[in-house]
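Data block below; observations after.
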Amino acid sequence: MSTMEGQIDDYCPKEEQKVTKRKISLSSCGVCGSEEAKYRCPACFTHTCGLLCVKKHKDDSGCSGVRNKTAFVTLSHFDQMALLSDYRFLEDTGRFADGATRDDLIQAPRTTMKVRL
């Protein structure tokens, strides 16, 4: 037992190296080209490195930076994120339609005293 206890005490696992998981590939900035891209435009997928490059991208290309929620997605590219996006879009549409049916001003137009006479 003493030899087994000595082996357990001597065992020290090596420190695991931290692995940082990147969400974007190691591409360079599409605007300045000097730094590694950290961000991606949701509308046109241009890679940028910071706020200045994002603003320059929007000014130069006229991009709004807003993703097209109704864009066609092929079945081979349809994943859980696309499904969640579609679900949220339908929920927002339903919420908007429900709010319109509950609004008294939309259901009954305003009338003035001249119209009533």
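Just so it is clear, the values below take in all heavy atoms, side chains as well, and ignore hydrogens, waters and symmetry mates. Throughout, residue positions are numbered sequentially from 1 according to the sequence presented.
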Rounded distance [0.5 Å steps], NZ in Lys69 versus CG in Leu90 = 11.5 Å
dist Glu91:CD -> Leu84:CG (nearest 0.5 Å) comes out at 10.5 Å
Short side-chain to backbone donor-acceptor contact, Ser64 and Val66, under 3.5 Å | yes
Are side-chain heavy atoms of Ser34 and Cys29 found at a separation under 4.5 Å?
-> no
Any chance you could measure Thr74, atom OG1, to His77, atom NE2, to the nearest 0.5 Å?
-> 5.0 Å
Consider only side-chain heavy atoms of I, L, V, M, F, W and Y, link residues closer than 4.5 Å, and tell whether Val73 and Leu83 are in one cluster.
-> yes
Under 4.5 Å between any side-chain heavy atoms of Leu51 and Tyr39, yes or no?
-> no
Is there a side-chain contact between Arg67 and Ser85 (heavy atoms, below 4.5 Å)?
-> yes
Ala37 and His47: which non-hydrogen atoms are nearest, and at how many Å?
-> CB-CB, 3.4 Å
Below 4.5 Å, heavy atoms only, C-beta onward: do Asp98 and Arg95 meet side chain to side chain?
-> no
What distance do Ser27 atom OG and Glu36 atom CD have between them, rounded to the nearest 0.5 Å?
-> 7.5 Å
Looking only at heavy atoms, which two atoms of Gly65 and Lys58 are closest? And how far apart?
-> CA-CE, 4.1 Å
If you round to the nearest 0.5 Å, how far is CG of Asp60 from SG of Cys53?
-> 10.0 Å
Please tell me if the side chains of His57 and Cys44 come closer than 4.5 Å, counting only heavy atoms from C-beta onward.
-> yes
